[in-house]
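None of the values given here were measured: they were computed from a predicted structure. Scope of the values below: all heavy atoms of this structure, side chains included, with no hydrogens, waters or symmetry mates. Starting from 1, each residue takes its place in the sequence as its number.
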Amino acid sequence: MADPKGFMTTPRQDWPRRPVEERVRDWDEVYVPGALLPIVSKQADRCMDCGIPFCHDACPLGNLIPEWNDLVSREDWRQAAERLHATNNFPEFTGRLCPAPCEAGCVLAINQPAVTIKNVEVAVADRAWELGLTPPRPPDRLSGRTVAVIGSGPTGLAAAQQLTRAGHTVAVYEKDDRLGGLMRYGIPEFKMEKHHLERRIEQMRAEGTKFRTSTAVGRDVGAAELRTRYDAVVIATGATAWRELDVQGRELAGVQQAMEYLPLANRVREGDLEVSPMSAAGKHVVIVGGGDTGADCLGTAVREGAASVTQLDIYAQPGGERDEDAEPWPTYPKIYRLSAAHEEARDLETAPAADADARLFAASTLRFEGDADGHVRSLHLVEVDAGRRPVSGTGRTLPADLVLLALGFSGPDRGDGLVEQLGLEMEARGTVSRDAGFGTNVAGVFAAGDAARGQSLIVWAIAEGRAVAAAVDRYLTGTSRLPAPIGPYDRPMTV
């Protein structure tokens, strides 16, 4: 603990964002470049080095947060990077994309603003790359065992890296033309620039991991055939089966799924397209769904030049402070949060009728109406009570030329035939069934990440990848020294 009084003398200071008017004109990350390092050491001083650090339990990776906070406060970047990477393969991803349940579990957060754990994490990760502290770590010798990992999202990449470093020969199969899964085509560039992803993939190539892109297992290569070619298979395809909205007018042109819209915008950034065929430019956009995917659509539509953007959230607007009775510390509370995209929408007034920033809370979609050509032109909604029942006399209509459905995901997409070809047992909620060792009903086939857990956070995805790697290593060799931070039935702390 570098400064025993740091949490009393130093106020919380977050990584500053660039001015809204500046950042909405480009697709670069929203934060001021270089502005984190001058403040991060003093922010790390606020860590109290608690006797029982609840931030460990709040993070499924078990990140050694007090340890690397202390090292950062002393500007010992080498040791800080070592402790950070001891539990997390990709801290530059989580430091940008995770909503930081560790900060909700920070002991200081009982009665003060939490330590800026997420900012310290990303500072260490970026500094480690700058100083050359993340060299490839190929194995000393090969085991002679082979593993196929299906899916290159955070779970698949983490599992592949762990297994490669353990000495197994690993091939990652990805149905898209580029690697990264949701991080590649679902996460907008302004949240995480893709050079961070490319850098890790090149590290993994240098360690010996093989990659097969544009290869859908079940369609381009048979799933049963793949099982016979490898000693073990890890299914890490994610939860890509999106939830639908069964209301009148759903069939109208211009009513799209968020994950039809976001990949096209990302492909523009990759140089594949000059303009997205679903561009929001000049359109009145309504986003149905109040989660992170909806916020990603919001920031994207603003940058594409939408005429207006409104986001509908079926839940009531939360308060600004934790409800200690309903969601006591150290659980992750549902409070009003202002993401970068919502800040942009608020300042630019993209939705004049919204309750706050671009959001209409406690709002439920009744139907869509279109023009004579079958294109959506308006959305009819109604306010709902806490039980999601319509409130009489609260109906209203919003102009809508583009409607984006961001309602979450139920499990892996069944369209490629992978599940059927392997004969996998499935849970009622649409996820792959597995046992306490991450194994499916098919010998040698394991399931991890959102495909088996259901839609979750990136930290849980990476933790699943690390844990399933230990399970596969044990299956192949009889024992394993790889860390397993979670079990398949572990869940976040809740009331």
Side-chain angles (χ1 to χ4, degrees), residues 11-40 43 92 95-100 103 113 116 118-119 122-123 126 186-196 258 261-262 264-266 268-269 275-276 278-313 317-318 320 335-361 398-402 404 406:
R12 178 179 170 114
Q13 186 177 1
D14 289 287
W15 191 359
R17 295 168 179 165
R18 295 187 290 138
V20 167
E21 290 286 353
E22 173 190 316
R23 70 187 194 235
V24 297
R25 292 197 296 266
D26 61 44
W27 294 82
D28 299 340
E29 289 181 7
V30 300
Y31 295 101
V32 177
L36 186 54
L37 279 183
I39 65 173
V40 74
Q43 290 302 302
E92 66 272 34
R96 287 174 167 83
L97 303 178
C98 180
E103 293 188 16
T116 55
K118 180 176 172 177
N119 283 182
V122 77
D126 288 352
I187 300 297
E189 192 89 351
F190 56 82
K191 285 183 69 174
M192 187 182 80
E193 295 173 7
K194 299 305 181 283
H195 67 84
H196 300 293
Y261 170 73
L262 289 171
L264 292 171
N266 275 302
V268 172
R269 303 307 309 154
V275 178
S276 167
M278 287 187 195
S279 174
K283 297 177 182 177
H284 295 288
V285 180
V286 180
I287 302 160
V288 182
D292 288 342
T293 301
D296 293 343
C297 292
L298 173 62
T300 299
V302 167
R303 282 163 177 76
E304 288 180 336
S308 70
V309 193
T310 305
Q311 183 178 8
L312 308 185
D313 190 331
Q317 181 173 347
I335 61 174
Y336 177 74
R337 294 179 173 89
L338 193 68
S339 72
H342 291 119
E343 180 185 47
E344 292 157 7
R346 180 198 65 189
D347 291 1
L348 298 175
E349 299 181 348
T350 69
D355 299 321
D357 47 75
R359 286 173 280 190
L360 275 173
F361 289 95
L398 297 177
D401 306 310
L402 176 63
L404 302 173

*Asks:* Could you pull out all residues at least two apart from Glu103 that satisfy salt bridge (charged side-chain N to carboxylate O under 4.0 Å, His left out)?
*Replies:* Arg12
*Asks:* Using atom types as modelled, flag every donor-acceptor pair under 3.5 Å from a side chain in residues 281-293 to any protein atom, sequence neighbours excluded.
*Replies:*
unit_1 : atom_1 : unit_2 : atom_2 : d
Lys283 : NZ     : Ser279 : O      : 3.1
His284 : ND1    : Ser308 : OG     : 2.8

*Asks:* What's the spacing between Leu37 CG and Asp126 CG if we round to 0.5 Å?
*Replies:*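 Nearest 0.5 Å value for the CG-CG distance: 8.5 Å.
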*Asks:* Among all residues two or more places apart in sequence or in another chain, which pass the side-chain hydrogen bond (donor to acceptor under 3.5 Å, both in side chains) test with Asp401?
*Replies:*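 Checked Asp401 against side-chain hydrogen bond (donor to acceptor under 3.5 Å, both in side chains); matches are Arg377.
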*Asks:* Any chance you could measure Ile187, atom CD1, to Leu97, atom CG, to the nearest 0.5 Å?
*Replies:* 5.0 Å
*Asks:* Ala295 and Ala341: which non-hydrogen atoms are nearest, and at how many Å?
*Replies:*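 Between these two residues, the closest heavy atoms are O-CB, 3.4 Å.
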*Asks:* Taking C-beta and beyond as the side chain, do Gln13 and Thr116 meet within less than 4.5 Å on heavy atoms?
*Replies:* no
*Asks:* Glu29 vs Arg18, test: salt bridge (charged side-chain N to carboxylate O under 4.0 Å, His left out). Steps then yes/no.
*Replies:* CA-CA 9 Å; Glu29 289 181 7; Arg18 295 187 290 138; over 6 Å; no
*Asks:* Please enumerate all residues that pass side-chain hydrogen bond (donor to acceptor under 3.5 Å, both in side chains) together with Arg303, with sequence neighbours excluded.
*Replies:* Glu344
*Asks:* Write down the atom of Leu262, the atom of Gly186, and the distance for their closest heavy-atom approach.
*Replies:* CD1-O, 3.5 Å
*Asks:* If we only count heavy atoms from C-beta on, is the Asp26 to Phe190 side-chain gap below 4.5 Å?
*Replies:* no
*Asks:* For Met192 and His196, which heavy atoms make the closest approach, and how far apart are they?
*Replies:*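 Distance-wise, the nearest heavy atoms are CG-CD2, 4.0 Å.
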*Asks:* For Val32, is there any backbone N or O sitting under 3.5 Å from a side-chain donor or acceptor partner on Trp15?
*Replies:*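 Yes.
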*Asks:* Please identify each residue that fulfils salt bridge (charged side-chain N to carboxylate O under 4.0 Å, His left out) with Asp28, with sequence neighbours left out.
*Replies:*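 Result, salt bridge (charged side-chain N to carboxylate O under 4.0 Å, His left out) vs Asp28: none returned.
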*Asks:* When rounded to the nearest 0.5 angstrom, what distance separates CD in Gln317 from OH in Tyr336?
*Replies:* 6.5 Å
*Asks:* Does a side-chain heavy-atom distance below 4.5 Å link Gln43 with Asn119?
*Replies:* no
*Asks:* So which atom in Pro188 and which in Thr300 form the shortest heavy-atom distance, rounded to 0.1 Å?
*Replies:* CG-OG1, 3.8 Å
*Asks:* Would you compute the distance between atom OH of Tyr31 and atom CG of Leu36 and round it to the nearest 0.5 angstrom?
*Replies:* 10.0 Å
*Asks:* Test of understanding: with side-chain hydrogen bond (donor to acceptor under 3.5 Å, both in side chains), list the residues that count as partners of Glu193, not counting sequence neighbours.
*Replies:* His195
*Asks:* Okay, side chain of Arg23, backbone of Ala340: is any donor-acceptor separation there less than 3.5 Å?
*Replies:*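 Judged by distance alone, yes, a pair lies under 3.5 Å.
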*Asks:* Lys118: what forms a salt bridge (charged side-chain N to carboxylate O under 4.0 Å, His left out) with it, not counting sequence neighbours?
*Replies:* none
*Asks:* Who are the salt bridge (charged side-chain N to carboxylate O under 4.0 Å, His left out) partners of Asp357, not counting sequence neighbours?
*Replies:* Arg359
*Asks:* With sequence neighbours left out, write down each residue that passes side-chain hydrogen bond (donor to acceptor under 3.5 Å, both in side chains) with Asp296, or none if nothing qualifies.
*Replies:*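 side-chain hydrogen bond (donor to acceptor under 3.5 Å, both in side chains) list for Asp296, sorted by chain: Lys191.
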*Asks:* Is there a side chain to side chain contact (heavy atoms under 4.5 Å, CB included) between Leu360 and Thr310? Walk through the geometry before answering.
*Replies:* CA-CA 7 Å; Leu360 275 173; Thr310 305; 4.0 Å; yes
*Asks:* Could you tabulate the donor-acceptor pairs under 3.5 Å formed by side-chain atoms of residues 347-356, not counting sequence neighbours?
*Replies:*
unit_1 : atom_1 : unit_2 : atom_2 : d
Thr350 : OG1    : Val309 : O      : 3.1
Asp355 : OD2    : Phe361 : N      : 2.8

*Asks:* How many angstroms lie between CZ in Arg17 and OG in Ser339, if you round to the nearest 0.5 Å?
*Replies:*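 It comes to 6.5 Å.
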*Asks:* Excluding sequence neighbours, so at least two apart, what forms ring-ring contact (aromatic ring centres under 6.0 Å, His included) with Trp27?
*Replies:*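 Once residues adjacent in sequence are excluded, Trp27 has no partner under the ring-ring contact (aromatic ring centres under 6.0 Å, His included) criterion.
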*Asks:* Apply side chain to side chain contact (heavy atoms under 4.5 Å, CB included) to Arg337 and list each qualifying residue two or more places apart in sequence or on a separate chain.
*Replies:*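 Expected list: Tyr332, Pro333, Ile335.
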